[in-house]
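Notes follow the structure.
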Amino acid sequence: MDFNKPITPLFIDLHTPLQAEPEVLFDLILSPSFYWIKRIPLPVKSVREVKKLLPSLFEDTVPQGKYSYYAYKDRDHYCIFAYDDKNILDILAEKGISPGQINRVYFAQSEFQDIEEAISIDDHCALDIEDRVVVKLPDTLVETLKPLELKDHQFSEHAIELARYAHIATTKSLINFSLFMGTLIMIFALDWIVSSAKISEFDTAPSHLFQEHKLPMTKVQNEAILSSLQKMYDRQMALRQISAEILALKLNKKEHITLYDFKDKTLTVELQVPSAKRVPALLKPLQKSHPSMKEEYRNSLLRLEFEL
């Protein structure tokens, strides 16, 4: 990497049109479209302990594949991430950005989690905050917008490395890799010894742990809390999925979303559709994935209701 090259901050979304100049280096900010995030409270004291749990915390959330993980503490919660390195690098390559042009990579979550006003990222979408989680939304759902400005952006300390895999291994690199693996095994052995001691301590003092973290003392109470949080999370994921499907509808020039309202576990969406002949085509992809969806067309308005 040429450290004399200028470094340009750049926000990247799946739909960002871009053909980068080959001599430019980038500090990239990844749109929420590139990763999965959860912001959850955990009864652990350090990020190091959280990182051991990350694959299991995302086990039932992400599709099958190979993922990298990242975590940091945000107030009394942890922000945890899962992302597909290869998929991100492939999309960047399609936009003309090679691995050699990447200086540092950040999540939109860490860079915009303190914004006070929604940020416009293209002609149709914006970034906003929901329960301190940065989300991508249709810009019709926010009242005020400000433009995306990165010229004087102060980056956080939460940069990630996208894994790159070498195709050719020299003898020297194999020796270095062997030495690295040997060191890694020693570190893991030490970590296993420390972890075993912590597990033993946990097993011998459960009551103290529950009191320290102000948790209910019974398994039934904790399972009830977990079940409640899981239902809330499932509902939020379903809402996110439906929103993505609504945004994917191919609307004509005179067609647009006029209402997007979530109340009492019901998502209501209204679309301005001047031609009744267009309604079956718009409903077809939604009816297939949401057979219980209710729809009504009246006075050029198509009203959709989803029970979550």
Side-chain angles (χ1 to χ4, degrees), residues 10-19 29-37 63 87-88 90-92 94-95 108-109 112 115-131 133-149 233-308:
L10 180 65
F11 177 86
I12 287 288
D13 185 63
L14 292 176
H15 306 297
T16 302
L18 179 70
Q19 279 300 319
I29 302 177
L30 299 179
S31 160
S33 302
F34 284 100
Y35 57 83
W36 286 265
I37 178 174
N87 180 57
I88 295 173
D90 288 346
I91 294 174
L92 292 177
E94 292 174 4
K95 297 181 181 297
Q109 174 65 30
F112 301 122
I115 60 174
E116 297 178 357
E117 188 176 6
I119 299 175
S120 174
I121 58 174
D122 60 31
D123 292 338
H124 305 289
C125 296
L127 297 181
D128 205 353
I129 299 292
E130 289 187 5
D131 297 328
V133 174
V134 176
V135 295
K136 176 183 172 183
L137 294 171
D139 56 13
T140 54
L141 301 183
V142 295
E143 296 181 359
T144 59
L145 280 172
K146 67 178 181 180
L148 177 64
E149 180 55 64
Y233 172 73
D234 291 342
R235 189 176 299 116
Q236 291 173 347
M237 290 300 294
L239 182 61
R240 176 178 175 180
Q241 178 62 33
I242 295 172
S243 298
E245 293 175 11
I246 295 294
L247 289 176
L249 293 176
K250 297 180 179 179
L251 301 178
N252 293 336
K253 282 188 176 180
K254 295 183 179 180
E255 298 172 352
H256 58 273
I257 298 172
T258 60
L259 175 67
Y260 189 98
D261 182 51
F262 181 63
K263 188 182 297 181
D264 297 329
K265 303 180 182 179
T266 299
L267 173 64
T268 303
V269 180
E270 288 186 355
L271 298 95
Q272 183 75 31
V273 184
S275 174
K277 294 180 180 180
R278 283 277 296 146
V279 172
L282 292 173
L283 290 178
K284 186 175 180 181
L286 297 173
Q287 289 172 331
K288 185 176 180 181
S289 55
H290 305 284
S292 61
M293 175 189 68
K294 297 178 182 179
E295 66 270 357
E296 180 184 8
Y297 181 75
R298 181 185 299 172
N299 297 330
S300 298
L301 277 180
L302 175 60
R303 181 183 178 90
L304 307 174
E305 291 187 357
F306 303 85
E307 296 291 336
L308 301 177

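All heavy atoms count here, side chains included; hydrogens, waters and symmetry mates do not.
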*Would Leu304 and Leu271 count as a side chain to side chain contact (heavy atoms under 4.5 Å, CB included) if you check the C-alpha gap in whole Å, the side-chain angles of each, and the deciding distance to 0.1 Å?*
CA-CA 8 Å; Leu304 307 174; Leu271 298 95; 3.9 Å; yes
*Return the set of residues passing salt bridge (charged side-chain N to carboxylate O under 4.0 Å, His left out) with Glu305 (not counting sequence neighbours), or none when no residue passes.*
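Testing Glu305 for salt bridge (charged side-chain N to carboxylate O under 4.0 Å, His left out), a comparison that skips the adjacent residues, returns Arg303.
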_Whether over 12 other heavy atoms sit under 6.0 Å from His256 NE2_ = yes
*asked:* Counting only heavy atoms not in Asp90 (residues, nucleotides, ligands), do more than 12 fall under 6.0 Å from its CG?
replied: yes
Kindly compute the distance separating [atom1] ([X]) from [atom2] ([Y]), expressed to the nearest 0.5 Å.
X	Y	atom1	atom2	value
Ile129	Phe112	CD1	CZ	10.0 Å
Thr144	Lys146	OG1	NZ	9.5 Å
Leu308	Thr266	CG	OG1	7.0 Å
His15	Leu247	NE2	CG	8.5 Å
Asn299	Gln272	CG	CD	9.5 Å
Asp261	Leu267	CG	CG	8.0 Å

*Which pairs with one or both residues in residues 274-293 pass ring-ring contact (aromatic ring centres under 6.0 Å, His included), sequence neighbours excluded?*
His290-Phe306
*asked:* Checking Glu143 now: which residues fulfil side chain to side chain donor-acceptor pair (under 3.5 Å) with it, not counting sequence neighbours?
replied: none
_Residues Phe11, Ile119; criterion side chain to side chain contact (heavy atoms under 4.5 Å, CB included); working and verdict_ = CA-CA 12 Å; Phe11 177 86; Ile119 299 175; over 6 Å; no
*Glu295 and Leu286: side chain to side chain contact (heavy atoms under 4.5 Å, CB included), yes or no, with the steps?*
CA-CA 10 Å; Glu295 66 270 357; Leu286 297 173; over 6 Å; no
*Before accepting this row, confirm whether a basic side-chain N of the pair Lys294/Glu296 lies closer than 4.0 Å to the acidic partner's carboxylate O.*
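A salt bridge is absent here (no side-chain N lies under 4.0 Å from a carboxylate O).
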Any donor-acceptor pair under 3.5 Å linking the side chain of [X] with the backbone of [Y]?
X	Y	answer
Asn252	Lys254	no
Lys95	Thr16	yes
Tyr260	Pro138	no

*asked:* Does either side chain, that of Ser292 or that of Glu307, offer a donor lying less than 3.5 Å from an acceptor on the other one?
replied: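 The criterion, which ignores hydrogens and geometry beyond distance, is not satisfied for Glu307 and Ser292.
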_Please determine whether side chain to side chain contact (heavy atoms under 4.5 Å, CB included) holds for the pair Ile12 and Ile91, giving the CA-CA distance in whole Å, both sets of side-chain angles, and the decisive distance to 0.1 Å._
CA-CA 10 Å; Ile12 287 288; Ile91 294 174; 5.6 Å; no
Could you tell me which non-hydrogen atom of [X] sits nearest to which non-hydrogen atom of [Y], and how far apart they are?
X	Y	result
Pro63	Trp36	CD-CZ2, 3.5 Å
Lys136	Pro32	N-CG, 4.2 Å
Pro285	Leu249	CG-CD2, 4.1 Å

